[in-house]
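For reference, the structure is listed below as structure tokens.
Lettering follows sequence order; numbering is per chain, from 1.
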Number of protein chains: 2
Amino acid sequence: MDLALIDTNSWTGIREVLLRRIHDRVWQPGEQIPHEADLAEEFGCARTTVNRALRDLAESGLVIRKRRAGTRVALNPPQRATLTIPIIREEVEALGRTYRHSLLERELRPLPPMLHGAFQVTLGEDVLFLKTLHFADDRPYAFEERYINLAAAPGAHEMAFDEVSANEWLVHNAPYSHGDLSFFAINADKTMSRKLDAASGTALFAMERITWSGKVPITHVRLIFAPGYRMRTEI
Amino acid sequence: MDLALIDTNSWTGIREVLLRRIHDRVWQPGEQIPHEADLAEEFGCARTTVNRALRDLAESGLVIRKRRAGTRVALNPPQRATLTIPIIREEVEALGRTYRHSLLERELRPLPPMLHGAFQVTLGEDVLFLKTLHFADDRPYAFEERYINLAAAPGAHEMAFDEVSANEWLVHNAPYSHGDLSFFAINADKTMSRKLDAASGTALFAMERITWSGKVPITHVRLIFAPGYRMRTEI
DNA sequence: CACGTTAATATGTGCATGCATATTATCTTA
DNA sequence: TAAGATAATATGCATGCACATATTAACGTG
């Protein structure tokens with residue numbers, strides 16, 4: 001890798017050079033690196049360009065920037081990973097398999113006490129409960145339990161959700177502003193072992209998600225994947 | 001929320017306004033939105049500023065941008081989540097608990113066949129194998145199995161890893177450029193149930209990670225967490 | 001010397017401008 | 001008409017400049 005080949009007039013080029021200096025310990029972790037102005041002079045470019053490169057490094061957590069205090073190499077670069085949580089249909093189809101889902105249950109229910117803390121809905125108000133099984137090539141792929149706040153997604157009341165999945169419908173009709181996401185492992189109980197075609201007690205990968213639009217909760221989902229599921233990403 | 005309060009002279013302000021238009025379906029999913037120049041005129045700011053706001057929205061996957069083709073609202077906004085995978089010590093200490101770890105095993109070994117594909121090392125070359133148990137307040141927190149490529153981290157040979165953990169040492173001494181990360185669920189076998197103080201067969205959350213520096217593999221880790229562990233993030 | 005005030009400074013951001021580049025639309029030409 | 005050349009256009013990026021803002025260092029003053 002010849003450094004001379006890198007174009008230090010582009011912000012990406014400058015980022016590469018800075019990255020290499022950090023990797024090669026030219027600038028030690030915790031050490032302060034030269035100011036934007038100095039770097040700009042060194043690379044013969046505008047401060048804006050250096051700024052862009054440094055901003056990008058700061059975003060990925062490799063350097064810490066503070067006004068007046070300058071920029072320093074992060075001591076413990078946090079290992080950030082960006083997970084892409086696709087719509088299950090798309091995930092299955094990306095694997096080259098055919099997607100299908102079947103709605104096992106659909107009813108109005110009071111909000112289960114378990115969710116009272118996380119999911120602030122007027123008490124007494126019913127929420128829509130759905131149980132869905134997702135298939136890939138006719139083999140169970142994931143089991144879904146979902147509560148939908150009808151106040152946040154009124155149209156859901158009229159939807160059967162047998163054709164289009166609740167997930168897809170909500171993505172398009174009740175966009176969320178933020179949410180909580182968590183992952184954990186769970187033992188297959190009798191129901192799940194039957195639905196997911198897994199031996200009872202098998203460790204299953206699960207994901208739980210709550211989404212809000214502003215302060216209004218939209219939906220709570222728990223997805224439990226069939227045995228062998230792995231969630232992957234690159235860092 | 002009064003829109004008039006938002007400062008449309010700052011790129012974050014403009015981002016908020018655009019975000020709201022997308023949420024409120026002023027611009028439908030898939031629909032093309034006005035050009036940077038038009039928006040700049042509307043907000044009475046420079047095109048650069050609008051560009052910055054749109055770039056940010058594009059990064060989060062909410063809009064898709066193409067030269068000449070313009071910007072359009074994403075049809076299926078990919079649900080991205082940024083996970084921060086901390087050093088275990090920091091994770092434990094952030095919980096207000098005391099961290100401790102004990103090295104259970106440390107030896108040179110040939111690379112196990114299981115890893116031959118992922119972890120390209122000269123055959124016959126030994127790698128350093130470590131087994132560590134991490135504690136929080138003297139209760140087992142996670143069980144770690146790690147292979148270190150000595151060619152990539154020569155200093156590791158001299159390290160006992162009983163004081164400073166391999167994780168922390170590597171972070172500081174053999175920075176990686178990229179890696180693969182995956183999460184899954186696994187049943188506790190006899191060893192793990194003993195080490196992690198879990199009933200045999202309990203579903204455990206596990207993470208596997210391989211990191212490289214360029215083309216040279218550095219380390220392969222498998223972390224298995226004690227029962228009840230949840231990995232959380234916000235979206 | 002302790003503590004509050006003020007100045008210095010590095011990053012953060014906005015603007016106007018110009019050119020680069022990818023992609024689409026249009027216009028030729030065989 | 002179809003294929004290829006060419007023009008039009010929206011985003012991408014670099015520059016120089018000005019000013020905003022957070023934070024630290026220096027300075028007084030009691």
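- Under a cut-off of 6.0 angstrom, the local environment of NE2 in His178(B) is crowded, with over 12 non-hydrogen atoms contributed by other residues, nucleotides or ligands.
- Of the candidates dC15(C), dA10(C), dA22(C), dA22(C) carries the atom nearest the Arg67(B) side chain, counting heavy atoms from C-beta on.
- Distances from the side chain of Glu36(A) to the nucleotides dG16(D), dG12(C), dA22(D) place dG12(C) closest.
- One can place CZ of Phe43(A) at 19 Å from C1' of dG16(D), the figure rounded to the nearest angstrom.
- Side-chain rings of Phe184(B) and Phe205(A) stay apart, their centers remaining 6.0 Å or farther from each other.
- Annotation: of the two residues near DNA chain D, Ala69(A) and Gly70(B), the 5′-most nearest-nucleotide partner is Gly70(B).
- With a 6.0 Å radius and a threshold of 12 heavy atoms from other residues, nucleotides or ligands, Glu41(A) has its CD atom at or below the threshold.
- Under 4.0 angstrom from either OP1 or OP2 of dG12(C) there lies at least one side-chain N or O belonging to Arg65(A).
- The aromatic ring centroids of Trp169(B) and Phe161(B) lie less than 6.0 Å from each other.
- In terms of phosphate contacts, Asn9(B) brings a side-chain nitrogen or oxygen within less than 4.0 Å of OP1 or OP2 of dC15(C).
- If you measure from atom NE2 of His35(B) to atom P of dT9(D), you get 10 Å, rounded to the nearest angstrom.
- The interatomic distance linking Ile64(B) (CD1) with dA10(D) (P) rounds to 19 Å, in whole Å.
- With respect to Glu36(A) and Arg65(A), a salt bridge is recorded, a charged nitrogen being found less than 4.0 Å from a carboxylate O.
- For Arg68(A) and dA25(D), a side-chain-to-base donor-acceptor distance below 3.5 Å is absent, hydrogens and geometry of angles not being considered.
- For the side-chain contact (heavy atoms from CB on, under 4.5 Å) test with Phe43(B), the passing option among Thr49(B), Ile14(B), Asp38(B) is Ile14(B); the others fail.
- For the pair Ile14(B) CD1 and dT13(C) C1', the computed distance is 12 Å after rounding to whole Å.
- Of the two residues contacting DNA chain D, namely Lys66(A) and Trp11(A), the nearest-nucleotide position lying further toward the 5' end is that of Trp11(A).
- At a non-hydrogen distance threshold of 4.0 Å, Asn51(B) from residues 48-57 of chain B come into contact with DNA chain D.
- Ranking dG12(C), dC15(C), dT21(C) by closeness to the Ala46(B) side chain, first place goes to dC15(C).
- A straight line from CZ of Arg47(B) to C1' of dA14(D) spans 12 Å, rounded to a whole angstrom.
- The nearest whole Å value for the distance from the CZ atom in Arg15(B) to the P atom in dG14(C) is 11 Å.
- Neither OP1 nor OP2 of dC13(D) sits under 4.0 Å from any side-chain N or O of Ser10(A).
- For the pair Arg89(B) and Tyr99(B), the NZ or CZ position fails the cation-pi test of under 6.0 Å to the six-membered ring centre and within 45 degrees of the ring normal.
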